[in-house]
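As a basis for the values below, the full set of heavy atoms in this structure was taken, side chains included, without hydrogen atoms, waters or symmetry mates.
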Amino acid sequence: MLFVLAPTAGSAYAHDGVKVTVTPSTASPGADVDVRVQGCKGTTGAAKSRAFVADVELTGRDGGGYPLFGDTTVKSGLEDGTYKVSVTCDGHDHRDVGTVQVRHQQPTHEPTHEPTHHATPVAPVRAGGGGTAAFAAPAAPGVAQTTSESGLGTPYTLLGLGLAAIAAVAVAFRSSRRRTAGTGAGTGTGTD
């Protein structure tokens with residue numbers, strides 16, 4: 001006689017202690033949601049749903065009694081409805097262990113008038129020394145204080161270049177005097 005052992009109905013559900021909680025449980029298309037999975041024994045996993053733009057990478061600590069966490073975004077083109085969430089962890093697939101409700105949100109109030117313009121950034125904030133330099137620099141005698149969006153203008157550029165040239169000549173002159181004094185061929189200031 002030949003006996004075949006078939007798995008019992010309970011073994012097919014051995015990994016069904018896994019539960020998914022999506023926060024907020026009702027989300028608008030395009031909204032960010034947090035996913036919490038309880039019941040996985042490992043420290044990593046993945047949650048999947050037709051409502052999510054991508055699979056959710058789940059991470060946690062120590063496994064067992066600690067939940068796994070992840071976050072994702074709800075697809076923007078979804079119809080209102082309830083979408084099932086499945087999880088893969090501990091080397092097993094746990095199908096339909098949670099849901100996320102998708103609902104288009106209605107505005108809480110109607111505008112009293114149409115806006116005449118939309119607030120959009122035009123340029124970066126002028127912060128720090130670069131933005132205050134035009135106000136902090138005193139006007140040189142005989143030179144007009146000219147500022148523009150691109151800087152202080154030609155007079156201050158030429159003044160800066162002239163000062164840089166004088167500094168370069170001074171450094172070169174001092175270096176050549178030291179070299180001459182070091183070889184003993186020059187006229188030193190020391191005493192005999």
Heavy-atom pair of closest approach, residues [X] and [Y]:
X: Ala47; Y: Phe52; result: O-CD1, 4.5 Å
X: Val85; Y: Ser49; result: CG2-CB, 4.0 Å
X: Gly70; Y: Leu58; result: N-CD2, 3.8 Å
X: Leu68; Y: Gly42; result: CD2-O, 3.7 Å

- Task: Starting at OG1 of Thr154, measure out to CG of Leu159 and round the result to the nearest 0.5 Å.
- Result: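 Answer for the OG1-CG pair, Thr154 versus Leu159, is 12.5 Å.
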- Item | From OG1 (Thr88) to NE2 (His94), nearest 0.5 Å |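 So the OG1 of Thr88 and the NE2 of His94 are separated by 7.5 Å.
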- Task: Kindly write out the residues that satisfy side chain to side chain donor-acceptor pair (under 3.5 Å) with Ser86, not counting sequence neighbours, or none if the list is empty.
- Result: none
Can you check whether [X] reaches [Y] side chain to side chain, under 4.5 Å on heavy atoms?
X: Gln38; Y: Thr21; result: no
X: Cys40; Y: Val87; result: yes
X: Thr72; Y: Val33; result: yes

- Query: Is the backbone N or O of Asp71 less than 3.5 Å from a side-chain atom of Asp34, with the two atoms forming a donor-acceptor pair by type?
  - Reply: no
- Would you confirm whether Asp96, through its side chain, and Lys84, through its main-chain N or O, come within 3.5 Å as a donor-acceptor pair?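 No.
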Under 3.5 Å donor-acceptor pairs involving side-chain atoms of residues 73-82, not counting sequence neighbours:
unit_1: Thr73; atom_1: OG1; unit_2: Asp32; atom_2: OD1; d: 2.8
unit_1: Lys75; atom_1: NZ; unit_2: Arg50; atom_2: O; d: 3.2
unit_1: Asp80; atom_1: OD1; unit_2: His104; atom_2: N; d: 2.8
unit_1: Asp80; atom_1: OD1; unit_2: His104; atom_2: ND1; d: 2.6
unit_1: Thr82; atom_1: OG1; unit_2: Gln101; atom_2: OE1; d: 2.5

